[in-house]
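Note sheet for the following structure.
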Amino acid sequence: MKTLILSAWLVIFSVAPAVGQERLIGAYYPPMMISAVGERKGFSVDIVAEAARRLGRQTTLSFLPFKRAMKTVERSNDAIQVSLFRNPSREPLFRWLARTHSEEMVFLTTGAPVDTLEVGRALGTIGVERGSGLDALLSGAGFTNLDRVDRPEINALKLEQGRIDAWALAKNTAVSTWSEMGFERRLTVGATLSAADVYVVAGRGFPEHLATEYARVIEEMQQDGTISALIQSYTN
Amino acid sequence: VADEPDYGLVRGSEAGFEKLSGIAWKQARLAVLIALVIGFLFSALQIFLDFQSARDQIQIETRNAVYLMTDAASEAAYRLDDSLAKKIVESLVQTTAFDAARIEDDFGDMLAELEEAATGFRSFASQILLSEADSWIVQPLYHPHLANALAGNLTVHVDPTIAATNFLERASTILLSGVVKSLALAALLFFVFSRTVTQRISDAARRLHRLSIKIDAKNADRSSGDELDWLEVVAQRAIERAKQQSERARLAEAALDSAPCGVLIARATDDFPIVYANKTFTAITGYAPEEVLGQNCRTLNRDIQRQDGIDYVAAALSRREPVSVVIPNRRKDGTEFLNRLNISMVRDLNGDATHFVGTQEDVTEEVAGQQLIRDTQKELAALFEASPDPILTVGEDGKIRSFNPAAERLFGYTRNEALGQPVELLVPDEASDAHVELVNGYVSAGKSAPWSMAKSQTVYAQTKQGNRVAVSVSLAPFEVQGRRAIAAMVHDISEVVSARERTSELMADLAEKALAAEEANGAKSRFLAMMSHELRTPLNAIIGFSDFILHTPEQKIQPAKTREYLTDIHRSAADLLLLVNDILEVSRIDLGEIDDLERSEVPFRQLAQRCVKEFLSATHNAHRGIDIEDPQSLIFTCNEQAMVRIIINLVSNSVKYSPNESKVIVRGGIDSHSSIIEVEDFGVGVPDEIIENLGVPFSRSASPEIRRQPGTGLGLSIVKSLTERQNGHFEMLRKETGGSIARIILPVDGS
């Protein structure tokens with residue numbers, strides 16, 4: 001029965017996309033992915049949209065929850081996730097089209113800065129996004145005081161209310177989220193714990209030639225400073 | 001009550017209350033049985049309804065739970081949030097209806113799954129209670145952001161085992177609670193039974209018991225079905241008993257009202273309120289019952305100065321003890337009287353005093369009378385001590401109980417010596433036995449009147465020194481406290497007796513002399529009467545015939561006639577001579593001249609022949625019928641002259657009163673110690689008055705046949721006197737065939 005349902009689902013949703021059209025998938029992760037609508041959609045959305053434009057491709061944009069976004073892209077042949085940290089566990093699941101930039105991973109607090117893992121291990125509770133790169137990093141480092149959530153704004157709210165002692169996240173995302181939520185308290189950014197590269201990814205079934213084209217165009221945009229400009233437009 | 005048999009439920013007996021316990025236990029068992037049955041029925045109904053409800057409820061719960069979780073599961077599937085999915089399936093499995101749940105995403109991957117499988121009895125029970133078809137529920141998940149696309153599936157497994165187990169647990173709980181409720185209901189029913197039935201029955205029975213009802217429990221058992229029937233019998237008898245007691249109570253109240261003493265009944269509480277007063281109480285005190293009911297008895301004690309007795313009564317009542325006392329009380333009109341008060345207790349079955357019953361008597365006059373009696377007793381005691389005559393009292397046992405100083409003086413015993421001794425101590429030995437019988441007879445006869453022992457004869461008492469003293473004893477019986485006793489008043493009459501004895505002797509002598517004088521006078525009268533005839537007759541014949549001869553002219557004298565006259569004169573003279581001789585003989589006898597008769601042995605035949613010859617000669621009689629019988633050739637001792645005189649007189653009498661030539665027998669005989677001389681004739685016989693007055697001089701019979709013959713009445717008197725002077729005995733016998741026998745009995749030896 002379950003097999004039958006799954007087969008029907010694959011028949012329905014595995015049809016080939018229309019020519020020259022990709023589905024851009026984003027998950028809320030400011031400032032890289034902010035919204036599917038409005039002017040400020042996030043610089044990663046803007047980068048991939050610019051790349052598609054340069055390739056003459058049509059795109060649609062939809063925001064999904066983070067895991068659904070990754071799984072949709074993973075199981076699709078026409079979907080591109082505009083931003084995803086690259087790590088070994090994700091490596092075999094996607095086709096890594098092109099690197100857009102690097103993000104600094106930090107501890108964020110509302111008081112004294114937490115600059116090292118040792119200091120962070122001694123804290124009471126540290127908010128982290130479930131399944132994120134930091135989750136894997138800190139878990140691997142033996143942290144047992146992690147409070148995992150699915151959305152960054154939840155940890156921002158917990159930090160502002162003092163329900164967690166620190167928040168582990170990409171610095172730009174944390175600052176942007178804190179700013180988007182309008183909290184007045186000053187967010188203290190600790191020293192960089194590690195740096196993670198951010199890629200544009202697609203499913204393993206994504207067409208090879210399109211993947212190559214997107215990698216080439218994005219590389220061009222790195223070279224011509226488009227990406228840097230777009231990033232700065234969100235982070236400055 | 002005494003005539004009723006004792007059947008078991010009597011005062012103090014527990015047999016009847018065992019019956020009551022039986023009633024209570026029976027009701028308790030009935031209550032428990034009813035409650036258990038009701039409890040089980042209600043429990044079974046509740047379990048059945050719960051089963052029906054459980055089936056529906058399980059379906060409702062499963063649907064509701066799935067519906068409630070659908071949105072959350074959809075969100076988890078949309079977000080691919082395995083954490084949320086895990087929480088959802090945990091929540092589902094923790095609910096009553098599910099033992100397994102899982103959430104899959106629309107990619108066909110499992111987000112979360114949890115299962116708790118049932119085995120054994122729980123699985124078996126689930127198969128019975130719930131069908132397998134209802135066990136799996138698959139709910140497709142949709143999310144608004146996916147439009148009409150499937151977000152995933154929520155699959156739950158309805159756990160009938162858990163439902164069944166829960167149902168069974170509830171059923172067992174219901175059953176257990178049903179038992180508890182049943183027991184509680186039993187307790188409630190028992191309480192209700194106890195309050196509404198058992199307690200009342202017990203109370204009623206206890207009331208019956210207090211009424212001293214005697215119940216025929218055994219017969220009731222045989223005649224009735226159960227304890228209630230038994231109790232009905234008890235109640236019926238109680239009603240009958242109550243009627244009887246009501247009648248007795250009415251009689252008792254009537255009796256109390258008619259009692260000669262006042263009766264008060266007061267409740268034995270602190271203030272002793274009066275609850276009953278009879279009519280005699282009103283008569284004594286002047287208070288009507290309604291005036292004293294509820295009041296304390298102190299109403300009668302107002303303004304009494306002497307409180308000793310009243311305080312004594314109060315103290316006794318406070319100790320719940322009976323009391324008997326005479327105390328001053330005051331009537332309603334203010335006058336004071338002496339009240340003899342006897343108070344007793346009425347107690348309940350526990351022995352606690354519930355009421356006081358007081359009887360009262362106005363003893364004012366009695367107390368005064370008692371004082372008078374005491375004074376009188378003192379006077380009597382003084383009299384007893386000072387009496388000049390001895391006084392003593394003797395109990396029924398014949399022992400002396402009191403002994404006054406005069407008795408000490410007369411009898412010589414001190415009081416201490418006499419008290420307790422038999423009264424025969426004072427009686428001469430020879431009269432002791434008779435005295436005991438006399439006293440016993442007097443006591444046993446229950447005589448109540450005084451009696452004098454010396455009325456008919458002299459009574460002698462004996463002193464300590466052994467002297468005999470003539471006394472007169474007056475006895476007066478009396479009774480003290482049911483014990484009879486005799487008071488003896490003794491008077492020394494020894495001097496009187498001496499004088500009386502002397503007087504008696506004089507009187508006897510006088511009487512004897514008077515009798516002799518009277519006898520002599522009678523004899524003289526009879527002699528004169530006899531002389532007037534017996535002496536005059538021969539003298540008249542002598543004088544007449546001699547005068548005729550003397551005055552007859554000689555020429556006219558006829559020799560033959562003259563001889564005849566002379567013969568008559570001679571015979572008359574001879575008769576006169578015999579008469580004179582008899583008179584002289586009597587005179588000699590009276591003068592005692594022949595008291596000492598000489599006696600000798602005399603042959604009877606010769607003596608008898610001599611007598612007959614002299615008789616015939618003296619009387620010129622030619623009687624040929626006089627026979628002499630001497631078969632034993634008797635020789636006997638006698639005075640011959642006297643014996644001749646006796647036989648001639650007897651033969652003369654027999655010839656005189658017998659027809660001519662009638663036979664006369666002179667007979668002699670002897671027995672072992674007597675000589676017997678008889679003269680038998682066949683004449684007219686001897687009259688009774690002659691036999692009765694045998695030997696009385698000049699007494700003759702009034703019989704005409706006797707009176708026709710001349711006689712002086714001296715012959716038999718002479719015979720008797722002469723016989724007795726020979727120590728013999730003379731008797732006259734009348735024969736039934738006619739005639740008589742004159743018998744002389746003389747001692748053989750003459751002594």
Side-chain angles (χ1 to χ4, degrees), chain A residues 1-15 23 25-29 35-37 60-77 79 81 84 89-90 93-94 127-132 135 139 146-155 203-205, chain B residues 62 66 69-92 98 100-115 132-158:
Chain A
M1 183 66 180
K2 290 187 286 185
T3 306
L4 181 61
I5 293 172
L6 181 60
S7 302
W9 188 85
L10 290 175
V11 168
I12 294 169
F13 292 99
S14 299
V15 294
R23 291 188 294 142
I25 305 298
Y28 181 75
Y29 206 79
S35 175
V37 297
T60 60
L61 175 63
S62 60
F63 268 65
L64 295 174
F66 180 75
K67 282 190 173 180
R68 173 163 285 277
M70 281 203 308
K71 199 163 190 175
T72 300
V73 172
E74 178 191 348
R75 301 291 176 91
S76 299
N77 295 330
Q81 183 161 344
L84 184 67
S89 63
R90 293 171 180 168
L93 300 178
F94 299 98
V128 67
E129 199 167 359
R130 179 180 290 110
S132 64
D135 186 4
S139 298
L146 300 180
D147 181 14
R148 295 179 177 86
V149 299
D150 292 327
R151 296 164 62 98
E153 59 268 32
I154 294 176
N155 276 336
R204 299 292 296 177
Chain B
T62 53
V66 170
M69 290 298 180
T70 298
D71 289 343
S74 298
E75 189 67 25
Y78 173 65
R79 293 176 177 274
L80 303 181
D81 188 343
D82 52 357
S83 176
L84 178 59
K86 183 179 179 184
K87 291 180 180 178
I88 290 170
V89 298
E90 286 176 351
S91 298
L92 286 172
F98 307 108
R102 66 171 176 267
I103 298 175
E104 297 172 341
D105 60 19
D106 50 348
F107 301 102
D109 293 335
M110 186 70 68
L111 289 175
E113 184 178 30
L114 188 61
E115 182 174 358
E132 185 69 20
D134 294 334
S135 61
W136 286 97
I137 296 174
V138 179
Q139 187 72 17
L141 301 175
Y142 297 95
H143 193 271
H145 290 159
L146 295 178
N148 293 325
L150 185 66
N153 288 306
L154 170 62
T155 303
V156 294
H157 183 235
V158 177

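Letters A, B, ... mirror the listed sequences (proteins, then strands); counts begin at 1.
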- Message: Please determine whether side chain to side chain contact (heavy atoms under 4.5 Å, CB included) holds for the pair B:D106 and A:R68, giving the CA-CA distance in whole Å, both sets of side-chain angles, and the decisive distance to 0.1 Å.
- Response: CA-CA 10 Å; B:D106 50 348; A:R68 173 163 285 277; 2.8 Å; yes
Okay, A:F63 and chain B: the region with an atom under 4.5 Å from a heavy atom over there is backbone
If one checks every heavy atom of A:S62 against chain B at 4.5 Å, the contacting part turns out to be neither
A:R148 meets the side-chain contact (heavy atoms from CB on, under 4.5 Å) criterion, sequence neighbours left out, with A:V128, A:R130, A:D135, A:S139, A:L146
- Task: Hey, could you give me the CG/CG distance between B:L80 and A:D150, rounded to the nearest 0.5 Å?
- Result: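 One gets 10.0 Å once the value is rounded to the nearest 0.5 Å.
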Here the gap from A:R75 atom CZ to B:D105 atom CG, rounded to the nearest 0.5 Å, amounts to 7.0 Å
Contact part of B:L146 toward chain A, heavy-atom cut-off under 4.5 Å: side chain, backbone, both or neither?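 Side chain of B:L146 only, per the 4.5 Å heavy-atom cut-off to chain A.
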Residue pairs, two or more places apart or on separate chains, that pass salt bridge (charged side-chain N to carboxylate O under 4.0 Å, His left out) and touch residues 69-78 of chain B: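 Residue pairs passing salt bridge (charged side-chain N to carboxylate O under 4.0 Å, His left out), neighbours aside: B:E75-B:R79.
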- Query: Are any non-hydrogen side-chain atoms of A:K71 and B:D109 less than 4.5 angstrom apart?
  - Reply: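 Result yes, sub-4.5 Å side-chain heavy-atom pair found.
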